[in-house]
There are 2 protein chains.
Amino acid sequence: MSNSTPATIEDVARIAEVSIATVSRAIHMPEKVAKSTRLKVNQAIAITGYTANAMARSLRLGRSNMILVVAPDIGDPNFSSILAGLENEARAHGYGVLIGHTQNDAQRGLEYLKFFNSYQAAGLILFTGILPFGHQAATDSLPPSVGVFEPVFNGGIPYVGVDDVEGARKAVDLLISEGHRRIAFIGDSNTRLAYRRRRSGYEAGLAAAGIPLNRQLILDGDGTVESGRLALEQFFMRDDLPTAFMCVNDQTALGVSIGLKARGYDIPDHFSVTGFDDVPQASFMTPSLTTVRQPRTAIGKHAMALLLDMLSDRAASETEILLRPDLVVRNSVGPPPARR
Amino acid sequence: MSNSTPATIEDVARIAEVSIATVSRAIHMPEKVAKSTRLKVNQAIAITGYTANAMARSLRLGRSNMILVVAPDIGDPNFSSILAGLENEARAHGYGVLIGHTQNDAQRGLEYLKFFNSYQAAGLILFTGILPFGHQAATDSLPPSVGVFEPVFNGGIPYVGVDDVEGARKAVDLLISEGHRRIAFIGDSNTRLAYRRRRSGYEAGLAAAGIPLNRQLILDGDGTVESGRLALEQFFMRDDLPTAFMCVNDQTALGVSIGLKARGYDIPDHFSVTGFDDVPQASFMTPSLTTVRQPRTAIGKHAMALLLDMLSDRAASETEILLRPDLVVRNSVGPPPARR
DNA sequence: GTGGCCGATGTAAAGGTTTACATCGAACAT
DNA sequence: ATGTTCGATGTAAACCTTTACATCGGCCAC
């Protein structure tokens, strides 16, 4: 049964006493073959333990059933769960996931173009905001691709992300409902669309509550822990402190939180803090961080599903899928001290 | 130049005015072809942007240059960095990494056997402690495989892990050098070899310092945050509290830490705590956790290197590679209160 | 000068699959 | 009875590579 070399379609054909063409058809277009032969073939397959050689299949078809996932940094802890979503969905449809990371090195992009070509990957999942390939490739017919997290700049590639506006809105709404009126926003000056959207959500929330926008309460960092602390220091240099800090991401929130503790303040008694992303660390902070969760596994799943759709119908169904983020309420938000 | 369909070896041959055999030789056995032709071929390759079709190559060769990585849970935050190590090393040698996860579902093992067969993956990286395949497959000639983190039970498969004994030893030595004599060990009753080894390191450290082993100070949880807290409660039910808690992993340490804080104790003023693994969250805890770091990226790198070795020489060089773990000293360890 | 050898190159087969096209029989309509 | 149609199956080509074997010169030794 389980010989050293795997069974080929020919072995199956011999046992089922049909031609290899019929075997192939019995597998891929069952309705085209008589029920009785289909049965014989299936038995033969069971006996031999046959699995089609994917290499031969891909060679013949001119495309493989592998999806290449290109990420700038695999080591990012967020990557795992997205990958899990991607892989699950892919495997459910008979696709495999091939991974590669550019390490933010543009040079390695070309390497991947070669790799991609040579494996004839069926499609591409792009984590990075830009195409990893040289620009000439971009204008050429691109393989079916979808972006994750961020829209891809060059080329109209559909992408799957999170509704940052809504997420930010949820955070600010919580703060407002707790009674905060002076809510600071610490942003990220980097050009990621996501960051700008989070700020829009913040502004929309204020507007909806009839709180006038106060530019003094908006500061931009660069998304790092350190920049969170720095922004906090700037607030303390002024007179008018906010009662809550809404941060563009969890790193920034951590920086703020550290800074506040260093100054002897308590969270959430003296100040409230919110983050965004719900990195795994968020629940480990003291106090644990109230933040907006990126549905990472779901993002992976949707991105892959979208790509697989594109592979079957040629039509790029939707160009943008935004998932609903959830507010994760932990212990870093409370009513402002004045009210207490 | 960059046409819609990728260049084949035939295109190169035509431009270089040689046969396809010569092209292939120029690429794979350059010394077998005259310098002048080699030059022509290289130019032609540059012109066409030729990359060998990996599918055709694998089909011909009967083996691919993909390594299948099978993990029980890709979503595990630790997975990312190991994967990064694996992938880097693989790509450096022209191999691709294909990932799959069993989700701890034995059933899916068979699926992977099929997948493996069909892709003729060159080798296997196993995260799980057991072979994912049915037992008959184990006795059959197995593809070159290496285990990561834990030795693989069935079959003498080499593996790459961390020296748990030494790691635990480093942690206990630190505690001892700070003056602790009553050091508790909170273990994990699960059968993972790693856990037993960590306890060995603990015991060896005590012995080396001439501290008699006190069985009362050893408790087994199951490696979760909750079990850490539970174990702590058990200690408090008794009279003789330790001055330090050495935990089998970071989760447990977090549980202990939460429990101590809930009882109003301060770390490290009242009690010291150590973990193991250095999960990304460890530095976010308050106080940040002193723990033993698993060199994850290095583990991945070594595992892949070992596998690649096995693929070139048939010889399974070494059967066990243990990397040296580092002690990461943060703020959860101090001298015992009595000394202060 | 001729036979042998060797280095460089070409020819063709093989690897496993899918599928256009051909074939074959039966059923049906005339 | 014969021609037509159609459903089921078989035949063979193609996908792109690698490599064993054949071929072809040139060079050396006799």
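Per chain, numbering begins at 1; letters A, B, ... match sequence-line order.
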Between the protein and nucleotides 7-10 of chain C, list every N/O to N/O distance that falls short of 3.5 Å.
residue, atom, partner, partner atom, Å
C:dT9, OP1, B:Thr37, OG1, 3.0
C:dT9, OP2, B:Ala34, N, 2.9
C:dT9, OP2, B:Thr37, OG1, 3.0
C:dG10, OP2, B:Ser19, N, 2.7
C:dG10, OP2, B:Ser19, OG, 3.0
C:dG10, OP2, B:Thr22, OG1, 2.6
C:dG10, N7, B:Arg25, NH2, 2.8
C:dG10, O6, B:Arg25, NH1, 3.2

Nearest atoms (heavy-atom pairs only) where [X] meets [Y]:
| X | Y | value |
| --- | --- | --- |
| A:Ile157 | A:Val146 | CG2-CA, 3.7 Å |
| A:Pro144 | A:Ala122 | CD-O, 3.6 Å |
| B:Leu193 | B:Pro151 | CD2-CG, 3.5 Å |

Between [N] ([atom2]) and [X] ([atom1]): distance, integer Å:
| X | N | atom1 | atom2 | answer |
| --- | --- | --- | --- | --- |
| A:Arg57 | C:dG16 | CZ | P | 16 Å |
| A:Asp11 | C:dG16 | CG | C1' | 11 Å |
| A:His28 | C:dA20 | NE2 | P | 14 Å |
| A:Asn53 | D:dT17 | CG | C1' | 14 Å |
| A:Glu10 | D:dA12 | CD | P | 13 Å |
| A:Met29 | C:dT17 | CE | P | 17 Å |
| A:Arg63 | D:dC15 | CZ | C1' | 13 Å |

query = NA contact type, B:Thr8, heavy-atom cut-off 4.0 Å: base, sugar-phosphate, or nothing?
reply = sugar-phosphate
message = Over all strands shown, is A:Leu61 touching base, sugar-phosphate only, or nothing at heavy-atom distances under 4.0 angstrom?
response = sugar-phosphate
Under 3.5 Å, which donor-acceptor pairs do the side chains of residues 63-72 of chain B form with other protein atoms, sequence neighbours left out?
residue, atom, partner, partner atom, Å
B:Ser64, OG, B:Met66, N, 3.2
B:Ser64, OG, B:Gln120, O, 3.2
B:Asn65, ND2, A:Tyr119, OH, 2.4

task = Count the heavy atoms of every other residue, nucleotide or ligand shown that sit under 6.0 Å from NZ of B:Lys40, and state whether that count exceeds 12.
result = yes
ask   = Do the side chain of B:Asp11 and the main chain of B:Thr8 share a donor and acceptor less than 3.5 angstrom apart?
value = yes
